[in-house]
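Quick caveat, the model's predicted, so the values are computed rather than measured. Only this structure's heavy atoms are used, side chains among them; waters, hydrogens and symmetry mates stay out.
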Amino acid sequence: MDHKDKLSHMTIFLHWIVALTMIVLTAVGFYMTFNHSYGLYPYHKAIGVIILLFAVIRVVWRYRLGWPEPVREYPKLEHTMAHAAHWILILATVLMPISGMMGSGAGGHGISIFGLELVPSNYQGDEAIPYNETMASVGHVLHTWLGYILAATIALHLLGAFKHHWIDKDLTLKRMLGKRA
């Protein structure tokens with residue numbers, strides 16, 4: 001279980017597996033979008049589906065244990081901003097894969113996990129025929145906007161972690177790395 005001075009191995013594992021995967025998927029998502037690099041889409045989608053499982057487990061874990069207690073008292077504004085960022089991050093790690101699956105699956109592009117087909121593609125020639133155009137459009141718009149929100153919140157979260165470590169010189173970052181605070 002999580003304590004003020006030390007986080008559980010499960011909390012640390014779920015944090016890092018979801019965090020690092022979402023950072024990479026977000027960066028790859030921007031790269032694919034801006035460079036029209038379509039060859040990366042199958043990997044992006046497969047890893048996105050897989051990380052959804054870990055993200056849901058993380059949400060259940062957080063619900064069960066609550067948020068980790070801060071290592072010390074912080075100003076009210078800082079605590080409120082951190083709490084808001086944590087909520088955005090945990091929700092976005094679930095909503096990003098779901099919205100991506102909506103856009104791709106309902107859009108007729110299919111969803112597979114490294115060859116295991118979950119939703120078949122629906123192509124006529126080179127054109128994907130949507131199963132549900134409205135759901136595909138909503139998924140695409142959500143996925144796009146959540147990508148920007150997630151990227152900005154990740155940046156703020158990283159800045160906060162570095163502030164704790166180098167300016168405040170507290171043990172917040174070390175605790176997330178498995179050390180005792």
Side-chain angles (χ1 to χ4, degrees), residues 7-65 67 83-161 176:
L7 300 176
S8 70
H9 294 297
M10 181 62 90
T11 293
I12 294 167
F13 170 75
L14 289 171
H15 174 272
W16 288 111
I17 192 74
V18 172
L20 293 174
T21 304
M22 293 304 289
I23 289 168
V24 169
L25 286 176
T26 302
V28 168
F30 283 124
Y31 176 82
M32 291 184 316
T33 300
F34 295 124
N35 293 294
H36 307 288
S37 184
Y38 303 113
L40 295 173
Y41 275 93
Y43 303 105
H44 181 81
K45 291 192 294 185
I47 294 168
V49 172
I50 292 167
I51 202 60
L52 175 60
L53 298 174
F54 288 98
V56 168
I57 292 168
R58 186 164 185 256
V59 168
V60 170
W61 187 256
R62 277 294 117 235
Y63 177 76
R64 191 169 155 246
L65 295 181
W67 295 104
H83 197 66
H86 287 134
W87 271 105
I88 291 168
L89 290 170
I90 205 156
L91 290 172
T93 59
V94 172
L95 294 176
M96 278 298 285
I98 290 172
S99 62
M101 291 167 65
M102 283 173 57
S104 186
H109 298 284
I111 302 171
S112 67
I113 303 175
F114 303 112
L116 174 65
E117 191 173 66
L118 302 177
V119 176
S121 58
N122 189 26
Y123 280 92
Q124 286 183 357
D126 288 342
E127 187 178 341
I129 308 301
Y131 291 113
N132 184 321
E133 200 166 323
T134 301
M135 185 181 286
S137 180
V138 168
H140 178 73
V141 168
L142 276 174
H143 200 67
T144 300
W145 281 102
L146 284 169
Y148 289 111
I149 291 167
L150 183 60
T153 309
I154 288 169
L156 288 173
H157 188 64
L158 289 171
L159 286 173
M176 189 48 76

For His140, I'd like to know if atom NE2 has over 12 heavy atoms of other residues, nucleotides or ligands within 6.0 Å.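 No, NE2 of His140 has 12 or fewer neighbouring heavy atoms, counting only those of other groups under 6.0 Å.
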
For atom CE of Met32, decide whether the heavy atoms of other residues, nucleotides or ligands shown that lie under 6.0 angstrom number more than 12.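 Counting neighbours around CE of Met32, more than 12 heavy atoms of other residues, nucleotides or ligands fall under 6.0 Å, so yes.
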
Result block: side-chain N/O donor-acceptor pairs under 3.5 angstrom for residues 94-115, not counting sequence neighbours:
unit_1	atom_1	unit_2	atom_2	d
Ser99	OG	Leu95	O	2.9
Ser99	OG	Met96	O	3.0
Ser99	OG	His143	ND1	3.1
Ser104	OG	Lys45	NZ	2.9
Ser104	OG	Gly110	O	2.8
His109	ND1	Tyr123	OH	2.9

Interatomic spacing from [atom1] in [X] to [atom2] in [Y] - rounded to 0.5 Å:
{"X": "Ile57", "Y": "Phe13", "atom1": "CD1", "atom2": "CZ", "result": "8.5 Å"}
{"X": "Thr21", "Y": "Leu52", "atom1": "OG1", "atom2": "CG", "result": "12.0 Å"}
{"X": "Leu158", "Y": "Ile23", "atom1": "CG", "atom2": "CD1", "result": "5.5 Å"}
{"X": "Leu25", "Y": "Ile50", "atom1": "CG", "atom2": "CD1", "result": "10.0 Å"}
{"X": "Thr93", "Y": "Met22", "atom1": "OG1", "atom2": "CE", "result": "6.0 Å"}
{"X": "Thr26", "Y": "Ile154", "atom1": "OG1", "atom2": "CD1", "result": "4.5 Å"}

Could you pull out all residues at least two apart from Tyr148 that satisfy ring-ring contact (aromatic ring centres under 6.0 Å, His included)?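 Only Phe30 meet the ring-ring contact (aromatic ring centres under 6.0 Å, His included) criterion with Tyr148.
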
Results of ring-ring contact (aromatic ring centres under 6.0 Å, His included) for Trp67 - residues two or more places apart only: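 Trp67 satisfies ring-ring contact (aromatic ring centres under 6.0 Å, His included) with His83, His86, Trp87 only.
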
Do you know which two heavy atoms are closest between Ile17 and Ile51, and how far apart they sit?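 Heavy atoms only, the tightest pair is O-CD1, 3.7 Å.
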
Any side-chain heavy-atom pair from Tyr131 and Val119 closer than 4.5 angstrom?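 Yes, close enough: below the 4.5 Å cut-off.
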
Ser137 side chain to Glu133 backbone, donor-acceptor under 3.5 Å: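 Answer holds: no.
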
